[in-house]
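Naming: A, B, ... by sequence-line order, numbering from 1 per chain.
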Amino acid sequence: MTNENTLSATNDCVIRFANVNGSGSASANNLFSKAVFRLGVPVSAKNIFPSNIQGLPTWFEVRVSEQGYLGRRGGYDFMVAVNGQTMYKDYLELLPGGYFFYDSSKRLPDSYDRSDIHLIGVPLTDITNSQYSDPRQRQIFKNIIYVGALAYLLDMDFRVFEESIESLFAQKPKLIEPNIKALKLGYDYAEKHHTDICRLNIHRRDLNGDQILMEGNAAAGLGAVYAGATVAGWYPITPSTSVIEAFERYCRAYRVDKASGRNKFAILQAEDELAAIGIVIGASWNGARAFTATSGPGVSLMSEFLGLAYFAEIPVMLMDIQRTGPSTGMPTRTQQSDLISAAYASHGDTRHVLLFPANPTECFDMTVTGFDLADRLQTPVILMSDLDLGMNVHQCDPIKWDDSRVYDRGKVLNEQQLTDLSERWGRYLDVDGDGIPYRTIPGTHPEKGAFFTRGSSHDEYAAYTEDGEVYARGMQRLLVKWDTAKTLVPAAEVTSDGADIGVIYFGTSAYSSREALDQLRSTQAMDAMRIKAFPFGQEVAEFIKQHSIIFLIEQNRDAQMKALLVNELAIDPNTIISVLNMDGMPITAEFLVTEIQCHLDQLAVHNPDNQQTTGGAA
Amino acid sequence: MTNENTLSATNDCVIRFANVNGSGSASANNLFSKAVFRLGVPVSAKNIFPSNIQGLPTWFEVRVSEQGYLGRRGGYDFMVAVNGQTMYKDYLELLPGGYFFYDSSKRLPDSYDRSDIHLIGVPLTDITNSQYSDPRQRQIFKNIIYVGALAYLLDMDFRVFEESIESLFAQKPKLIEPNIKALKLGYDYAEKHHTDICRLNIHRRDLNGDQILMEGNAAAGLGAVYAGATVAGWYPITPSTSVIEAFERYCRAYRVDKASGRNKFAILQAEDELAAIGIVIGASWNGARAFTATSGPGVSLMSEFLGLAYFAEIPVMLMDIQRTGPSTGMPTRTQQSDLISAAYASHGDTRHVLLFPANPTECFDMTVTGFDLADRLQTPVILMSDLDLGMNVHQCDPIKWDDSRVYDRGKVLNEQQLTDLSERWGRYLDVDGDGIPYRTIPGTHPEKGAFFTRGSSHDEYAAYTEDGEVYARGMQRLLVKWDTAKTLVPAAEVTSDGADIGVIYFGTSAYSSREALDQLRSTQAMDAMRIKAFPFGQEVAEFIKQHSIIFLIEQNRDAQMKALLVNELAIDPNTIISVLNMDGMPITAEFLVTEIQCHLDQLAVHNPDNQQTTGGAA
Amino acid sequence: MTYIRPNFRHPESLRNDAGYSIKHYEGALSTLCAGCGHDSISAAIIKSCFDLNLAPHKIAKISGIGCSSKTPTYFLGKAHGFNSVHGRMPSVTTGANMANKDLLYLGVSGDGDTASIGMGQFAHVVRRNLNMVYIVMNNGCYGLTKGQDSATADQGSVSKKGVPSVFDSIDLCQMALQLGAGLVARCFSGDKKQLIPIIKAAIQHQGFAFIDVISPCVTFNNTPQSTKGYEWVREHMEATGTIDFIPDRTEITLDYPAGSSRTVTLHDGSELHLQKSSADYDLSNRKAAMQQIETVKEQQKILTGLIYHNDTKLDTHGKINTVDTPLNALTQDELCPGSEVLAALNAKLR
Amino acid sequence: MTYIRPNFRHPESLRNDAGYSIKHYEGALSTLCAGCGHDSISAAIIKSCFDLNLAPHKIAKISGIGCSSKTPTYFLGKAHGFNSVHGRMPSVTTGANMANKDLLYLGVSGDGDTASIGMGQFAHVVRRNLNMVYIVMNNGCYGLTKGQDSATADQGSVSKKGVPSVFDSIDLCQMALQLGAGLVARCFSGDKKQLIPIIKAAIQHQGFAFIDVISPCVTFNNTPQSTKGYEWVREHMEATGTIDFIPDRTEITLDYPAGSSRTVTLHDGSELHLQKSSADYDLSNRKAAMQQIETVKEQQKILTGLIYHNDTKLDTHGKINTVDTPLNALTQDELCPGSEVLAALNAKLR
Ligand SMILES: Cc1ncc(C[n+]2csc(CCOP(=O)(O)OP(=O)(O)O)c2C)c(N)n1
Ligand SMILES: Cc1ncc(C[n+]2csc(CCOP(=O)(O)OP(=O)(O)O)c2C)c(N)n1
Ligand code: SF4
Ligand code: SF4
Ligand SMILES: [Mg+2]
Ligand SMILES: [Mg+2]
């Protein structure tokens, strides 16, 4: 292999760890990525795990990027291949010029015959076998040893690893020394046998400011605590479970009454998702802030109840941590494919508010906003997160809370207000013209404000009716409320420079989209918009109108966001070119650049003067 | 009132009966409408009933139309007002010049002061009280008496009523005479007291050919028998229950083994809709033709299972007899509002085949076709009927069956075929390029063809996989299958004369749409298309392309068919003007004419030369 | 269509100790069929709440879908009501109860609503011992959808359709017992003397109280061969005892004949007195109660009355250890940790 | 990751009377955790089917979602399998059974899959007496979603998380009994000697056969304080008897000590023999069986073995009176009434 082909870079590489799940590799790999972060270098890590508990292939991808690109780039520069089941595939996937790190206790078979990569063998098994006798220790320290080797190979400051180990085991100091010893074993072996082989380096910088490392689900759970949620009904499902786990953890930390030791929260593991959302609806109806978290199959099961909440106008906060569908699909892979089913969940004419967080900080913020919106609009609000965002650790801005912020509990009449009412109160009466009526909470007033909530048709005073006109009036008012929603949801983030081309993305595609845009803009001006909510505000319609070519980036097969845009904003679908990633892996910048460039090239061929481009179909 | 204002017509009127439910009026009213039919005059009847069992208002609307218009016209010419609860409202709703028939045993209050209508009082209570002592008889014969009076007032051949009674009570001949007596009581009273008052007549014609009177649900149930369905899992819900009741009735008639008295069918009332569709999926998977019928709430609950059937590729025949949503909504009113939830039911990227019958004959035909399509495409097929079609008696073409027709059971390998296979068989392998793989039925072959069905991701050989590429390949193949579906579903019915304007409708809107078109065409050329299925065939796209102004008629609030068209065919939504009826009552021709004319007038104002019309937003 | 009024008609002017007249406990006009058993149960609920001096607005009435589930509209018009979706009353009530432990939760359901589509939620609300009264208006059929057999229709029972039910019936009292309900009773809508004291006891009970009320559907399931018809039930009822509810034992001292009676003391000190009991088992013995139901059933009879009572178990709130203040009354200050703790939290995440 | 092989290893060459070797009954590589109880149950299923000489392709194995529900992939590779959705195995099996009464239906579920999300479907498949074997691999937790307590987790039981379960557990055997199952058994995955004969009996049973197999989750619920852990179960098992399955009673005449044994005869003439029984109740007496479970539980023990057996009831097909030919085998000729009858029908509709 010639030197020119050797990958070399400082603070710019992708390292992939190939492991077996249940083997303790996760903590070692996290130790590595956290070390990068602590070196002040932007880092992102993706855990690609199987849908079982033990013994199947799992990967961990670490992107190191001085430029701060936190999405997947595409391609692997360095492979830590310690899973025999997938090793050959991993080997083939390495980029030319890259580094293949493997356990050289066994020699590589002859089929491993690439001449365009660097082999880095470290006899992990031999080392651990010689150093440790306990099988469990052998397994654990084997992982730490390769991290130590990486520290040398990537020229990383060893001290940062030591510090990490020290803080990690602050509660169990006995474990500090053996772990550091294991690190050293790897470091030393690599130093001795692979001196100066690797031209990928990770050197200390100070680029991470006050950023933190957090999982989106933890942030959403914390958001629910800050938003004052007291009731959670839920049913376990990957990848949403950790939202509730985080909520519980933070509640235990901040919400236990000191004096009595009793809980200012009620978390019920329900018997299924129908019960989970039933609990949320009952609690919300009764004036508590309540929420649930689930994934696609749960959203399908909640569909009937979502229609009830829409029609009876009950606040619901639902978090959909999307995974790859349809059906059970790939439970441990990501996707943005529940958009249509969430937006229009339930039979009849229904539509629900969606929020699209793009990082953990937004998971927190949008959760809090979501509760406010649900209360204000008296309707379901669905936080459309995904596995990538929810279960991976992301580098993001710190969580902030403004102590002067007051919860918006919406139009709820208290006892005094009810007493003071002179006109007849109507639960479903639009007195302000915003389509939002006033509600009351059970038990508020001895004489006034009681009403009957029902999913069947009702008049302005909540009485049952089969009068088509009255029914239609109520349904039309819900459209007025929908218009109000457009003015209340978070606005899209627009970067506009008057270019002809506009690129739209949302949620976790944001990371890679930004990186791709940086690359594409070197040859072509492009504006960008990140959608944060459904229904869409005026700015979304305008952005689309202002650009003759629109690229819309999604992580699903069926261009679901496009369907929402076209349907809600009456946009000509032909003006939108979909760029779709659907394989369950977080979208890469490389894919985006290739796809968009390819479309641009085609357009150029068809319209050499680049004038009246109308875009191609998706 | 001047004579000019008096409504007068032969075989062209709308009569509305206002009754109390549970009072036995239904059979009397049916007797009346059936008499019209037997007089050879086209008739249609709509039963507008409450969502309870006894004691609430119910209406029955009979449209008599020599021209053969079978939809609702709009307006009432003759009101049979025998429900005190709604009488005043009924009174006000009568068209000027119309006839108000009431029980004159009690005098009308002074508030009944319209001078533009004819009052026809018949002392129904007095007559029955004087003639009958048994309270139950009094109630029943009161209804028959007003039918008798109508016979005179509308100048109908009395013999046809006698014949109807005779055939109705062929099994209980004792009841014939008293019923005829009651009819005569009414007839005679009217003849004596209201001689020649009424200028609406119903005279014998021979316009009904070989047509029949049937409910859509009965036809669908019969269709399932003819299609060879053997398993039905279901859960009661209005307005779908009578599909299963009909299926059972016809099975008992045609599917009981003569020798053993045992059933060649299995109908299970399930514990809920999830179980109902689970039963269908299990039975279909195991090679039986199976189906279920439900309404909106059931479709919502079936959503998760529909995703499984889509992804695991299991035939499902589902009938959605739509009612007014969302949630419980108006359970006894009609609507076409489950389109989006049915078409895209379930999380993830899913889409399902929909069929849109417009009359009972089509309910039969499309049920049979639906089973063939489900088997051929190995996917859910949903018959999108509605309450109006399903539960009202419609005049329609007779049911036909071609004995040379052979069920299309699709690509199922039998034992011999499996034995003969030389290549490796793959359950999800597209060998023909149409996106449809071959399946096998459990128990077919001792060695070959067993596979594992799952809702999780699978490769071409039905093995579990978490390989994103393999998953994506499967999902893309499903799109190929979707393209195949477009060529197999019933094509839209197009009437084209090269007009600029095209009117699109589907399902039960067809009746009124045709009538409206006849009216509108007197001033403006218009083409028409009736959509019969989703996904849309090429003809649908072409029709839209060929017309500069498109009106799309739907019975829902959110223009759901428009959303499907726009999304699936990449059509500019601005080219489609929605005409939406959403009050739960079957759409009327009057409404359509007014709405469309109003749009046309507006367009004319905006584009006086009627040239580059692009249509207005919905 | 009638306004539901308890049989024991009080003059409008008569007020209970809380100062409410009976009118305060009534609801809207009933739209059920004349003679429907459900209306009698509504009347019994009205009477029970009146007698117990409950503040009507401190009651939440929650139901599923069905004729039975419509009844909350017809009683307690001053209380908030929630007619949810079919079979899901338990989860909605659970959420409501979590939000505010201080209201009385009156859950109303039908046999279709509970024993079929709602079976899962029923089982789990029992298991969690939610503090509520759960009334099933059990007519053995689906009234609102026109009379299909329900899962409580006994094998061989014949409804208006004329076809005997082929499957075993589900006994909801046995299910409730099995799943750990603290109070289990079965009543007949036609027997107010038994029903009212039991509703009162259920209301006073802390934790999950289950009442299966056999409530004939006059329109679809009141044939002589229907085991849920008036005739059949009247003839086959076997009572655990004639029942008196005594609100405050210090107040009245009734002289029950020794040996023939027994007393159940409720958590607020009120008592349920069973006279001339035919049940010869310990009402607080679950195993015995289960046996007794079976034994009476073997005799082709229906065991009615209070079948089991035990209030020693913690309710859901007790089990998950929530504070005394209703959760919906906690203020933002009490709930939001504020900005300060975030500094430490963020630091930990670096 | 291991191939599931029954403990009693036959040489590959050994064939059963139907001519199949044990390999014919094996499945794909298991991806469960090493030591998972579920793998042992798979092995027992393989062995049972081998011993019973079943044609593998005449079996349909259907499951829900969970580690337990994955197992059908790991046994009977020649049989069609269906890994459906969470909690809905019963309805899919019901449909499959309706389509073809001639296959053996092996339903596999977990305690989460059955006792929580699947409770409703479970109750109703029992009630309908569907002819199937229903095996719950009961580990008291949600294995696949990482160890949350399930509804069968006993109050006070402590999983890997370290927090005792606060709610009552649901006893699925009692539920099955209550709902009318014809064969009810509880086993321990660690006791193949008991499990295999019971699986065989369940397979031979006509109608609904329920086996609750306590099957420890080594990863999340195998602590010493977990009542579903290996240690606890081994120490607290109380068996109804040591069990032998005797395929054909004419063939073998075993000499069981009189008085200490009892025999259950299955519909095909095979027998289940209980030796040294500790159960002193009549296995065909439902009430007694229910009592026995409770009694043993009161002693802090788990009753295992065959708990109840009675095959006198009609299964679902019997109740709805279907023809002998499997419905999926009826031809178009047999099913379609043809054009002729339409003339009469249309005439009636005029
Ligand atoms: C999801 C759903 N499925 C079906 C229905 C139709 N439905 C309305 S009431 C009812 C059954 C009611 O039976 P039950 O609970 O016994 O009440 P009853 O009318 O007998 O008092 C059904 C099936 C529905 N409303 N929602
Ligand atoms: C509708 C739905 N909700 C939730 C899940 C997530 N889920 C997968 S397995 C499982 C529980 C499994 O528990 P159990 O049935 O006891 O099986 P085990 O893994 O313990 O064998 C859950 C909740 C799902 N797949 N589908
Ligand atoms: S149908 Fe039956 S349950 Fe419903 S209101 Fe009438 S009598 Fe009551
Ligand atoms: S997690 Fe538990 S149940 Fe699942 S495979 Fe592992 S040991 Fe078995
Ligand atoms: Mg009922
Ligand atoms: Mg489990």
Is [X] in contact with chain C via its backbone, its side chain, both, or neither, using a 4.5 Å heavy-atom distance?
| X | value |
| --- | --- |
| D/S169 | backbone |
| D/I320 | side chain |
| D/Q174 | both |
| D/Q121 | neither |

Looking at every non-hydrogen atom in both residues, tell me the closest pair between D/H124 and C/A151 and how far apart they are.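 Scanning both residues completely, I find the closest heavy atoms to be CE1-CB, 3.6 Å.
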Shortest non-hydrogen separation from C/D168 to D/K319 and the atoms involved: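 Heavy atoms of C/D168 and D/K319 come nearest at OD1-NZ, 4.3 Å.
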Report the distance from atom [atom1] of [X] to atom [atom2] of [Y], rounding to the nearest 0.5 Å.
| X | Y | atom1 | atom2 | value |
| --- | --- | --- | --- | --- |
| C/N285 | D/E294 | CG | CD | 9.0 Å |
| C/Q155 | D/K313 | CD | NZ | 7.5 Å |
| D/T316 | C/F167 | OG1 | CZ | 5.5 Å |
| C/L179 | D/I170 | CG | CD1 | 5.5 Å |

May I ask you to name which of C/M119, C/M290, C/K287 has the most heavy-atom pairs under 4.5 Å with chain D?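 Among the listed options, the one with the most contacts to chain D is C/K287.
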Quick check on D/K146: does its NZ atom have over 12 non-hydrogen neighbours (other residues, nucleotides or ligands) under 6.0 Å away?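 No, because the 6.0 Å sphere around NZ of D/K146 holds 12 heavy atoms or fewer from other groups.
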Step by step, would you call C/Q178 with D/L177 a side-chain contact (heavy atoms from CB on, under 4.5 Å)? CA-CA 11 Å; C/Q178 184 62 63; D/L177 270 171; over 6 Å; no
When only pairs under 4.5 Å are counted, which of D/M175, D/R286, D/Q291 shares the most heavy-atom pairs with chain C?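 Option with the greatest count: D/Q291.
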